[in-house]
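Working notes, structure below.
First the proteins, then the strands, lettered A, B, ... as listed; each starts at 1. In this text the structure is predicted, and so the values were computed from the model without any measurement.
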There are 2 protein chains.
Amino acid sequence: MATQKRVRIKDIAKLAGVSAGTVDRIVHNRGNVSKKSREAVEKVLKEVNYRPNIHMSSISLKKKYDILFVSPKFVEGEYWGSIYTGVLRALDEFENINVSCKKLTYNQYDVFNCKEVYSKALKLEYDAVIIGPIFQKETQVFCSQLTEKGIPYVFVDSDVDQTSPIAYFSANHYISGYLMCKLINSIMKSGKKDIGIMQAMRVGNESANSTILRKSGFQDYLVENKLQSKIHKIPFSATEPEKNEGMFDEFFEENKDIGGIVVLNSRGNVIANYLNKKKIDNIKLVCVDLTNENIKSLKNGIIDFLIGQKPERQGYLAMKFLLEHLIFKMPVMVANILPLDILTKETIDLYREFNDLVYLDQYND
Amino acid sequence: MATQKRVRIKDIAKLAGVSAGTVDRIVHNRGNVSKKSREAVEKVLKEVNYRPNIHMSSISLKKKYDILFVSPKFVEGEYWGSIYTGVLRALDEFENINVSCKKLTYNQYDVFNCKEVYSKALKLEYDAVIIGPIFQKETQVFCSQLTEKGIPYVFVDSDVDQTSPIAYFSANHYISGYLMCKLINSIMKSGKKDIGIMQAMRVGNESANSTILRKSGFQDYLVENKLQSKIHKIPFSATEPEKNEGMFDEFFEENKDIGGIVVLNSRGNVIANYLNKKKIDNIKLVCVDLTNENIKSLKNGIIDFLIGQKPERQGYLAMKFLLEHLIFKMPVMVANILPLDILTKETIDLYREFNDLVYLDQYND
DNA sequence: CTGTTAGCGCATTCAC
DNA sequence: GTGAATGCGCTAACAG
């Protein structure tokens, strides 16, 4: 009753006046089909909305698929780790498909290392790539070389201009920054009016695309709402954390009117730990990404709102769509923008309990 | 690499020294098995963590399952409609399983009608029931009669005391109320301090369990945080909406210090539309449930935060778990508490785009 | 080029 | 009470 009976390959064969084998050859673009048969089958396919049953396919599929996963280095519980967990979950769900997934990671704070890893990646053999991009230009070069070799790729976390991925899976970073600005303003109580923004220092002086977009959304909210808050950049080092406390001490010495801080990258815990240590509790804090460290700070009340980007789902969908594309050459939607999760101390536990899946795998290259 | 090769029924058969047919008889509790075989197989099952492949099972399954869905009346886009949509989505995903789902609905504001529908339900034939409960006592009676007949049931939206469902799928309504109280307080600006709570009038004067729990969470937040806000109940009628405007006029005439309103049931749009019509824009509003009407008010800025309870997912999981239970008699987790979504004007569109699935079915009984 | 056939994991039926 | 045989939708190898 709910949905009409799904049409099978056998039905299509009958309607087109050919055998099941021929239909299968066409669906999988496997050649050796006469023009006449192809046209007859494609005509039927257009009429009947054939949705191949991937579970049935995978059981009898013999081909092996090699996928490469390239992203910033990570450990479990970090943003990129969750993306990878999603990738593994997709592999688990489609366990009958014979696919191997090789992982290659680079230092996201060092453009030179990223370049190195990309060229290392080009020497390997695989059917498709999942890319977690940080550096725009380097990724563009990498992608154009993949295109030359005829290898399809998808992005997770961000899209990259001037590339042609099969699909990408990301949050809307602009809206994310816009939202974070709204949230910090709506919870800052009258009195101290200034807002701080954390800024990571990188080798190569390039900021991640996602952070740039968030900053732009942040600014636009201020302008659209004619807010007069003074904005202060707070520098910090992701690679040499021991330097941070000194820098923060200096900053807060000079800026006494900070009423709220927004962290537009996933390292919110850096400032949260500082505020906690110094027992500063009159500064509101809005951060992004459900890293283990950020979650800890959300739970103990230092972070007020934490924005989640569903990294696990991004990875899951990327692998799932990639497999569907490889197997069925199905047209997939290119832009896949996932919703933003707004989390508080009250909701984080339920969120994790429900989304967490235990993976005991080692996260090794 | 990701996960160890899944063990198949054939593997178990070999390990236990019996044939695949025998293993299947045991897995499906179908009898006609010697004690010796049963013990051998069960021993192996314990050791190897057999996860039957439901997709492979369903293809060769011949049995037909009849499911009954009982809930408050709804139209598309309302809370209960989304739950039903999730049920249909599960049926679509497991299309190979031969299952029919009959729908029966009652007036959630009229306990007598609910009773009638429950007794009508008891006269039908089915293998299991999905219940959306509103009235506690009546549901308890219904459930005890189901238990007598040996018919399993699951709840969506709420659990009900003194019943033994296979499982239930709901939000934590207590936390939901607690959270709504925190949100309204964090965004109310100094000045007007009082908070209003909307209260639906019902035939039978029984409030839904979910609303009672939310109220309790709401109160506890106030107490724990030693907040002095004065709380005002604002009565409204869900069944005779034309009476509301007069009641609200009267209420706001008498209470000038309302700075925020919380609606602990899904009818937030009732007060939102009123505030919009009267151009009152200095009252913050926090509501629950993503009904089409509530979403409209969120988008035009009348509602500040809207709490979502993932009704679609509740319905989906209820049907999915029920089928798994019926087919495999698998032990399912009884309490399934879904996370709460916090939505704002900025995030609602992404949320809907991503979660919406088009179902062209008619919502008829 | 194309139809036929075997086999994937599983539930079920049918001889033994 | 049990193993062997069949068929589900699909892919892949094979024989024409």
May I have the distance from [X] (atom [atom1]) to [N] (atom [atom2]), rounded to whole angstrom?
X	N	atom1	atom2	answer
A:His55	D:dC10	NE2	P	12 Å
A:Asn98	D:dC10	CG	C1'	17 Å
A:Lys14	D:dG9	NZ	C1'	14 Å

Inset, instruction - Could you list the residues that satisfy salt bridge (Lys or Arg N to Asp or Glu O under 4.0 Å) with A:Glu42, not counting sequence neighbours? - result: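 A:Glu42 satisfies salt bridge (Lys or Arg N to Asp or Glu O under 4.0 Å) with A:Arg38 only.
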Legend entry - Inter-end axis angle, the helix from C:dC1-D:dG16 to C:dC16-D:dG1, with every axis fitted to five base pairs (rounded, 10 degrees): 60°
Inset, instruction - Report yes if a side-chain nitrogen or oxygen of A:Ser57 is closer than 4.0 Å to either non-bridging phosphate oxygen (OP1 or OP2) of D:dT11; otherwise report no. - result: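 Affirmative; the distance criterion is met.
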Inset, instruction - Taking only the side-chain nitrogens and oxygens of A:His28, find out if one of them lies under 4.0 Å from OP1 or OP2 of D:dT11. - result: yes
Inset, instruction - State which of D:dG7, D:dG9, D:dA12 makes the closest approach to the side chain of B:Ile59. - result: D:dG9
Inset, instruction - Go through the side-chain N and O atoms of A:Thr139 and A:Tyr118 and say whether any donor and acceptor fall under 3.5 Å apart. - result: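 A pair is found: one side chain offers a donor N or O, the other an acceptor, under 3.5 Å apart.
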Inset, instruction - Can you label the angle between the B:Phe74 ring and the B:Phe69 ring as parallel, tilted or perpendicular, going by 30° and 60°? - result: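 Correct class here is perpendicular.
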Inset, instruction - Mind checking A:Asn53 for me? I need base, sugar-phosphate or nothing, with any heavy atom below 4.0 Å counting as a touch. - result: sugar-phosphate
Inset, instruction - Within residues 36-45 of chain B, find the residues that approach DNA chain D with a heavy atom at under 4.0 Å, and present them sorted by residue number. - result: B:Ser37
Legend entry - Charged tip of B:Lys102 within 45° of B:Tyr126 ring normal and under 6.0 Å: no
Legend entry - Nucleotide interval of DNA chain C bounded by contacts with chain A (heavy-atom cut-off, under 4.0 Å): C:dC1 to C:dG9
What donor-acceptor contacts under 3.5 angstrom involve side-chain atoms of residues 315-330 of chain A, with partners at least two apart or in another chain?
residue  : atom : partner  : partner atom : Å
A:Tyr316 : OH   : A:Glu93  : OE1          : 2.8
A:Tyr316 : OH   : A:Glu93  : OE2          : 3.2
A:Lys329 : NZ   : A:Leu326 : O            : 3.4

Please list, for nucleotides 13-16 of chain D, all pairs of protein and nucleotide N/O atoms separated by less than 3.5 Å.
none

